[in-house]
There are 2 protein chains.
Amino acid sequence: MATDTEEKIKVAARNVFKKKGFAATRTRDIAEEAGVNLALLNYYFKSKELLFNEVMFEIILDFKRTLVQFLNDDSLSFEDNLQRLIDTYTELFLREPELPLFVMGELRNNPQVVVEKIKPADLIYGSTFEKQLSAMLGNSSVDATQIFINAISMTFFPFISRPMVQNVCGIDDENFVKMVRERSRNIPKWIMSIIQTDIKTN
Amino acid sequence: MATDTEEKIKVAARNVFKKKGFAATRTRDIAEEAGVNLALLNYYFKSKELLFNEVMFEIILDFKRTLVQFLNDDSLSFEDNLQRLIDTYTELFLREPELPLFVMGELRNNPQVVVEKIKPADLIYGSTFEKQLSAMLGNSSVDATQIFINAISMTFFPFISRPMVQNVCGIDDENFVKMVRERSRNIPKWIMSIIQTDIKTN
DNA sequence: ATTTGTTTTAATCGTTTGATTAAAATTATT
DNA sequence: AATAATTTTAATCAAACGATTAAAACAAAT
């Protein structure tokens with residue numbers, strides 16, 4: 001059972017680490033953000049590194065949860081499942097804008113750890129989602145994985161390159177939210193276009 | 001005219017900064033990588049921060065160059081221009097795998113500086129590429145910018161999430177290269193699918 | 001050949017940073 | 001209420017880090 005203080009530190013650590021990454025955050029930043037004495041970080045979490053690991057694993061799991069949640073629902077069509085997946089990630093990233101870049105950064109710093117925690121291959125292969133997608137593609141030349149990568153790319157990347165996107169589109173924060181929500185509605189349609197053209201050309 | 005030493009430092013700094021980011025790199029790392037005395041960094045570049053800025057601006061400009069290069073060639077069709085753009089970024093990222101994540105990281109740390117350096121809106125609007133794309137879309141419901149974002153997303157994101165992609169696809173480094181090259185050939189086709197479906201549904 | 005200017009080096013400085021400690025404050029137990 | 005255990009605090013430590021310095025090594029100029 002986590003103390004009140006312990007929880008405050010964890011929340012603060014999550015915020016600061018997410019925003020600045022491991023190397024750029026000082027333990028004093030976290031202590032200040034938590035409104036807590038510096039020594040308490042070590043009292044509860046031993047070291048900066050262990051605190052980071054604990055926080056990072058939680059973030060990674062939040063990230064993974066969305067995937068797990070909507071990959072195995074066979075009561076919905078492929079397109080509806082895809083729509084839900086994209087919607088959920090879009091809303092997650094709207095709530096926590098630093099999440100995607102943080103995860104990608106960790107993926108660079110600790111590829112094997114992150115991949116081991118998420119195990120994306122294990123999640124996708126054998127899932128309802130993958131079966132639906134494969135069935136739809138038939139013996140098309142491009143495989144299901146590439147289509148999946150396209151969907152994730154189109155969903156994630158605008159958040160990672162947000163300031164650039166806002167400049168290109170000439171929009172403020174408020175309209176960025178509208179834009180990604182509209183993209184979220186469009187991406188399944190776009191994916192279906194890709195699939196269908198791909199089927200026809202074979 | 002840059003000294004030999006000065007250039008060695010810059011090259012080393014570029015490599016280390018790209019890999020680890022500003023906060024995580026120590027000046028001693030750079031000195032060692034350059035095979036040069038630590039004090040020479042300050043002798044030639046005043047401070048770690050100024051060295052970083054110099055290196056970062058060069059990286060950002062390398063990044064921008066590809067965009068500038070292929071956005072205004074009206075001797076080629078839209079699809080051919082798109083193909084060249086995607087090919088060039090793909091080959092750039094194969095040569096410098098840390099580039100996309102580094103730029104995105106800087107975009108988070110210093111959004112206004114990076115956007116000001118690249119000015120993507122100024123590059124795109126009024127460009128041949130944008131005119132070709134807009135002409136193709138006509139009065140379709142989705143605008144040219146979204147299509148452009150899709151192309152860039154599908155091109156960039158696999159590099160940013162590389163370890164994840166390699167796990168999902170079950171491929172090693174060598175086959176990752178093959179995969180992104182194949183994607184590079186497919187993305188223009190996929191983009192055309194999106195455009196054409198979008199036109200039809202309006 | 002001597003002087004002047006430039007580049008490189010080893011040593012060291014002052015801060016910052018993560019971590020520890022010993023005492024104080026608070027809470028729990030008897 | 002007295003004692004023991006836990007939590008919090010202020011002060012401080014040692015290591016790491018960016019930066020500086022003074023002297024040495026080297027090159028250029030006269």
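Lettering of chains follows the sequences in order, A, B, ..., and the numbering in each one begins at 1.
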Donor-acceptor contacts under 3.5 Å from residues 35-44 of chain B side chains, at least two apart:
from    : atom 1 : to      : atom 2 : distance (Å)
B:Asn37 : OD1    : B:Ala39 : N      : 2.9
B:Asn42 : ND2    : B:Lys46 : O      : 3.1

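- Under the 3.5 Å distance criterion, the side-chain polar atoms of A:Glu130 are matched with a main-chain donor or acceptor of A:Gly126.
- Aromatic ring centroids of A:Phe156 and A:Phe63 lie under 6.0 Å apart.
- Here the P atom of nucleotide C:dT17 and the CD1 atom of A:Ile30 are 12 Å apart, to the nearest Å.
- The shortest distance between the side-chain N/O atoms of A:Thr5 and the OP1/OP2 oxygens of D:dT8 is below 4.0 Å.
- Put simply, CG on B:Leu40 is 14 Å from P on D:dA19, counting in whole angstrom units.
- The distance from atom CD of A:Glu32 to atom C1' of C:dG18 is 16 Å, rounded to the nearest whole Å.
- Partner of A:Phe159 under the side-chain contact (heavy atoms from CB on, under 4.5 Å) criterion, out of A:Thr90, A:Leu101, A:Leu99: A:Thr90 alone.
- Note: CG (A:Asp4) to C1' (D:dT7) measures 12 Å, nearest angstrom.
- Among the atoms of the strands shown, none is found under 4.0 Å from any heavy atom of B:Phe45.
- Counting to the nearest Å, the P atom of D:dA19 and the CG atom of B:Asp29 are 14 Å from each other.
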Give the table of side-chain donor-acceptor pairs shorter than 3.5 Å for residues 162-170 of chain B, with sequence neighbours excluded, one pair per line with atom names and distance.
from     : atom 1 : to       : atom 2 : distance (Å)
B:Arg162 : NE     : B:Gln166 : OE1    : 2.7
B:Gln166 : NE2    : B:Ile171 : O      : 3.2
B:Gln166 : NE2    : B:Asp173 : OD1    : 3.3
B:Asn167 : OD1    : A:Ala121 : N      : 3.0

List the protein contact pattern of nucleotides 19-26 of chain C with one symbol per nucleotide (5' to 3'): B for base contact, S for sugar-phosphate-only contact, - for none; contact means a heavy-atom distance under 4.0 Å. BBB-----
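- Defined by atom type and a distance below 3.5 Å, a donor-acceptor pair is missing between the side-chain atoms of B:Gln132 and B:Thr128.
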